[in-house]
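Numbering of residues begins at 1 and proceeds along the displayed sequence. Hydrogens, waters and symmetry mates are skipped; everything else that's a heavy atom, side chains included, is used.
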Amino acid sequence: MSLKLNTQKRQAETLFSDGHSISGHFFIPPISRGLPGNGNVFELLNDDRSYIPFEIAAGEISLLQKDSIMMVRMAISEMPKELPYLSRISTKFFLLSGDTIEGHIYTDLPKTHTRLSDFLNFSQKFIFIDVDQQDFLINTKFVKMVMPGL
């Protein structure tokens, strides 16, 4: 009898607070906890675990300390963007590293709370931002300032 959890791999580049980055695969559950469809890296990064498995090379597994992850760049888009209840907000993130990320965030907050400040104050540890059809997940701990985009 096998006790191994059935997971799927998601390719990504992980950038750390010290400036280093690694490419590999996250292991995600086949069922999402809150979003339509399969599990995703966004949920994985926002769960309550401190360390998560990451495959650096075929069969070589490491455990990443989530608090040290500054940003994740997904190889393929996995976040829903076309759902009718989502509002899109153009946003510019200024990171402690000096980098700037500009794109769109998506919120499902009530119509009375659609300001950028509402979104940021109700967000989880990692925020999803769509940059030219590519998914980025930013750790809010490394955000210096946020401004509305164009």
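Across all their heavy atoms, Q133 and S77 have their closest contact at O-CB, 4.4 Å. The two residues V72 and A12 come nearest to each other via the heavy atoms CG1-CB, 3.7 Å. In plain terms, the two heavy atoms of Q65 and S68 that are nearest each other are O-OG, 2.7 Å. Nearest heavy-atom pair across F16 and I69 is CE2-CG1, 3.9 Å.
Put simply, the side chain of D135 gets close to the backbone of E78: a donor and an acceptor are under 3.5 Å apart. Without hydrogens or angle criteria, Q134 side chain to M74 main chain gives a donor-acceptor distance under 3.5 Å. Judged purely by atom type and a 3.5 angstrom limit, E55 has no side-chain atom pairing as donor or acceptor with the backbone of F26. Remark: side-chain polar atoms of N46 are paired, donor with acceptor, to backbone N or O of F42 under 3.5 angstrom.
Summarising the geometry, atom OG1 belonging to T7 is positioned 6.0 Å from atom CZ belonging to F27; distances are rounded to the nearest 0.5 Å. K144 contributes atom NZ, which lies 8.0 Å from atom OG of S97 (distance to the nearest 0.5 angstrom). Separation of atoms CD1 (I56) and CD1 (I22) is listed at 4.5 Å; rounding is to 0.5 Å. The distance from atom CD of E43 to atom CG of L137, rounded to the nearest 0.5 Å, is 11.5 Å. In this structure, CZ on R10 lies 5.0 Å from CD on Q8, to the nearest 0.5 angstrom. Rounded to the nearest 0.5 angstrom, R73 CZ and S23 OG are separated by 8.5 Å.
Using a 4.5 Å heavy-atom cutoff, the side chains of I28 and V41 are in contact. Inter-residue side-chain proximity for F94 and K92 is flagged as met; some heavy-atom pair is nearer than 4.5 Å. Side-chain contact between V143 and L96 is absent, with no heavy-atom pair separated by less than 4.5 Å. The shortest distance between side-chain heavy atoms of D130 and Y106 falls below 4.5 Å. Using a 4.5 Å cut-off on side-chain heavy atoms (C-beta onward), T14 and F54 make contact. With contacts defined as side-chain heavy-atom distances shorter than 4.5 Å, the pair L116/V146 qualifies. Between F93 and T100 the shortest side-chain heavy-atom distance does not fall below 4.5 Å. Here the side chains of L95 and M71 are in contact, with some heavy-atom distance below 4.5 Å.
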Worked check of side-chain contact (heavy atoms from CB on, under 4.5 Å) between R49 and L44: CA-CA 9 Å; R49 293 180 289 170; L44 179 71; 2.7 Å; yes

Working for side-chain contact (heavy atoms from CB on, under 4.5 Å), residues T91 and F119: CA-CA 11 Å; T91 312; F119 172 80; over 6 Å; no

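Taking the six-membered ring for Trp and the full ring otherwise, F128 and F136 have centroids separated by 6.0 Å or more.
Put simply, V131 and I105 are part of the same group of oily side chains (I, L, V, M, F, W, Y) that touch within less than 4.5 Å, one to the next.
Only one option out of N139, D47, D48 pairs with K66 in a side-chain contact (heavy atoms from CB on, under 4.5 Å); it is D47.
Inspection of the E13 and S21 side chains reveals an N or O donor paired with an N or O acceptor under 3.5 Å.
Atom CG of D18 has more than 12 neighbouring heavy atoms from other residues, nucleotides or ligands inside a 6.0 Å radius.
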